[in-house]
> 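Dropping the structure in here first, questions after.
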Amino acid sequence: MRPILYIVIPCYNEESVLPVTLPLFRARRNKMVEQGKIDAKSRLLFVDDGSKDATWKWIQQAAQEYEEVEGVLLSRNRGHQNALLAGLMEAKEKAEITISIDCDGQDDLSAMDEMVDAYLNGCDIVYGVRKKRDTDTWFKRSSAQGFYKLLRWMGADVVYNHADYRLVSKRVLEAFSDFREVNIFLRGMFPLVGFRSTSVYYDRSERLAGESHYPLRKMLALAFDGVTSLSVKPIRLITGFGLLISLLSFLLIIWVLISYFTGNSVPGWSSTVLSTALLGGIQLICLGVIGEYVGKIYMETKRRPRYIIAERTEEKTTSCFLEAEKAQKIQK
Ligand code: UDP
Ligand code: MG
């Protein structure tokens, strides 16, 4: 049986890149249908993450024009991860497999063939992994590498150099929908679901148009979110650090007492001020990290929806179907 594939594509202010990449996505999907790899009911599902430009209009038009294009619009910008989740949860109802991919054409579409093959060979999750990052700037490359290393070191189980280009089967998505957290970091969460998984390797190219929405500030935020939502290691590190400082101060007390009793004590203003300042700083950092977790707990307890869908493109097949029904009724 050929699986129904939904290719889920989050878009935020991408009016300049969609006209370039839509034909590529369509060609890839159509080719796989022709090859008999996937069912003809397979679709491209664009998720407009509350864009401020003409992205949604563009998606609507494409959905009208091409049967294989569908779209959903979120009620406001919720960020890449939530947009992707919204798309996956929409697709879950209709598809046997989903592939998530960015809309900017950076990820090699031909890797999809291999992903589907891996699924047909029994894998439920297939991670797309970037072979090399020649086309990224030195800065982007090294910061991204630092990002994966940091995540791993902090105890988050992520696949090295895998972003959000991946195939996931329906049963993984069904299991995943029980992960109710609000702070989501998908590439670190899918490995937690389990099932058989594998990786396919591809070259990453440059953005075909428009510009990146992930400047350093957002990358740092994503890294911080990734670490704090997947691991409590930073809190443990702080505890360890606190213990170390306490031990040192204990030694310091002994030394001070000895100096006092041997009559060597000199009023040391600078050392007092220095140590107070140092400890104050360390305490503030520790409080900040703990505060981050408390904040996360606060957000989780609210159980707010992670995304709200404002609109869907009309389903072409069903509307044709309805029209056919209408015509039949009229005939009768
Ligand atoms: N994106 C999104 N919501 C946002 C920011 C980005 O849906 O708030 C989408 C964007 O349209 C693209 C993908 O996420 O399809 C990845 O973004 P981008 O290409 O800017 O990131 P980079 O590849 O530079 O890391
Ligand atoms: Mg990109």
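Whatever order the structure lists them in is the order used to number ligands and atoms, beginning at 1. The chain is numbered in sequence order, starting from 1.
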> Give me the nearest non-hydrogen protein atom to atom 25 (O) of ligand 1 as residue plus atom name, then the distance to 0.1 Å.
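Nearest neighbour among protein heavy atoms for atom 25 (O) of ligand 1, to 0.1 Å: Lys140 NZ, 3.3 Å.
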> Taking atom types as modelled, is there a side-chain donor on Gln81 or Asp225 under 3.5 Å from an acceptor on the other?
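No, Asp225 and Gln81 have no side-chain donor paired with an acceptor closer than 3.5 Å.
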> What is the closest protein heavy atom to atom 1 (N) of ligand 1, and at what distance does it sit?
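Among all protein heavy atoms, the one nearest atom 1 (N) of ligand 1 is Tyr12 CB, 3.8 Å.
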> Which ring pair (Phe, Tyr, Trp, His ring centres under 6.0 Å) pairs, counting each pair once, include a residue from residues 44-64, with sequence neighbours left out?
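Passing the test, one end in residues 44-64: no pairs.
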> Out of all atoms in ligand 1, which are within 4.0 Å of some heavy atom of Asp104? Include the element for each.
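By the 4.0 Å cutoff, the relevant atoms are 19 (O), 23 (O).
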> Tell me whether Glu211 has any N or O atom under 3.5 angstrom from an N or O of ligand 1.
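No; the residue has no nitrogen or oxygen that sits under 3.5 Å from a nitrogen or oxygen of the ligand.
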> Check the side chains of Thr228 and Lys296 for a donor-acceptor pair under 3.5 angstrom, ignoring hydrogens and angles.
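Yes, Thr228 and Lys296 have a side-chain donor paired with an acceptor closer than 3.5 Å.
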> Please determine if Glu15 and Lys57 form a salt bridge, counting it only when a charged side-chain N lies under 4.0 Å from a carboxylate O.
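Salt bridge flag = no for Lys57 with Glu15.
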> Using heavy atoms and a threshold below 4.0 Å, how should the contact between Arg78 and ligand 1 be classified: side chain, backbone, both, or neither?
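Neither; nothing of Arg78 gets under 4.0 Å from ligand 1.
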> Which residues pass the ring-ring contact (aromatic ring centres under 6.0 Å, His included) test with Phe179, sequence neighbours left out?
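For Phe179, the residues satisfying ring-ring contact (aromatic ring centres under 6.0 Å, His included) (neighbours in sequence not counted) are Phe176.
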> Identify whether the distance between the nearest side-chain nitrogen and carboxylate oxygen of Asp124 and Arg196 falls below 4.0 Å.
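Judged by the 4.0 Å cut-off on N to carboxylate O distance, Asp124 and Arg196 do not form a salt bridge.
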> Could you grab the distance from atom CZ of Arg76 to atom CG of Asn82, nearest 0.5 Å is fine?
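The CZ atom of Arg76 sits 9.5 Å away from the CG atom of Asn82.
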> Strictly below 4.0 Å, N to O, side chains only: are Lys31 and Asp113 in salt-bridge contact?
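Looking at Lys31 and Asp113, the cut-off is not met.
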> Nearest non-hydrogen atom to atom 16 (C) of ligand 1 belongs to which of Asp102, Leu74, Asp48?
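Ranked by closest heavy atom to atom 16 (C) of ligand 1, first place is Asp102.
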> Tell me which protein heavy atom sits closest to atom 18 (P) of ligand 1, plus the residue, atom name and distance to 0.1 Å.
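Here the closest protein heavy atom is Arg207 NH2, 3.4 Å.
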> Tell me, which protein residue and heavy-atom name are nearest atom 20 (O) of ligand 1, and how many Å apart are they?
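Heavy-atom neighbour on the protein nearest atom 20 (O) of ligand 1: His213 N, 2.5 Å.
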> Please state which protein non-hydrogen atom is closest to atom 14 (O) of ligand 1 and give its distance, to 0.1 Å?
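Result for atom 14 (O) of ligand 1: His80 CD2, 3.2 Å.
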> Considering non-hydrogen atoms of the protein only, which is the closest contact for atom 3 (N) of ligand 1, and what is the distance?
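Going atom by atom, the protein heavy atom closest to atom 3 (N) of ligand 1 ends up being Asp49 OD2, 2.6 Å.
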> Quick check for you: to the nearest 0.5 Å, what is the distance between Glu96 atom CD and Asp39 atom CG?
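Interatomic distance, Glu96 CD to Asp39 CG, rounded to 0.5 Å: 7.5 Å.
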> Within 45° of the ring axis of Tyr66 and under 6.0 Å from its six-membered ring centre, is that where the NZ or CZ of Arg26 lies?
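Yes.
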> Can you confirm whether or not the ring centre of Phe190 sits under 6.0 Å from the ring centre of Tyr127?
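Between Phe190 and Tyr127, the centre distance exceeds or equals 6.0 Å.
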> Can you pull out the closest protein heavy atom to atom 11 (O) of ligand 1? Residue, atom name and distance to 0.1 Å, please.
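Result for atom 11 (O) of ligand 1: Glu14 OE2, 2.6 Å.
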> Among protein heavy atoms, which lies nearest atom 8 (O) of ligand 1, and at what distance?
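Going by distance alone, atom 8 (O) of ligand 1 is nearest to Asn77 ND2, 3.2 Å.
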> I'd like to check whether Pro10 has a polar contact with ligand 1, where a contact means an N/O of the residue lying under 3.5 Å from an N/O of the ligand.
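Such a contact does occur with ligand 1.
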> Counting no waters, what protein N/O/S atoms lie under 2.8 Å from the Mg ion (ligand 2)?
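For the Mg ion (ligand 2), the protein N, O and S atoms that sit under 2.8 Å away are Asp104 OD2, Gln106 OE1.
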> Filter on ring pair (Phe, Tyr, Trp, His ring centres under 6.0 Å), then keep only pairs touching residues 8-36, sequence neighbours left out; what's left?
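For residues 8-36: Tyr12-His213.
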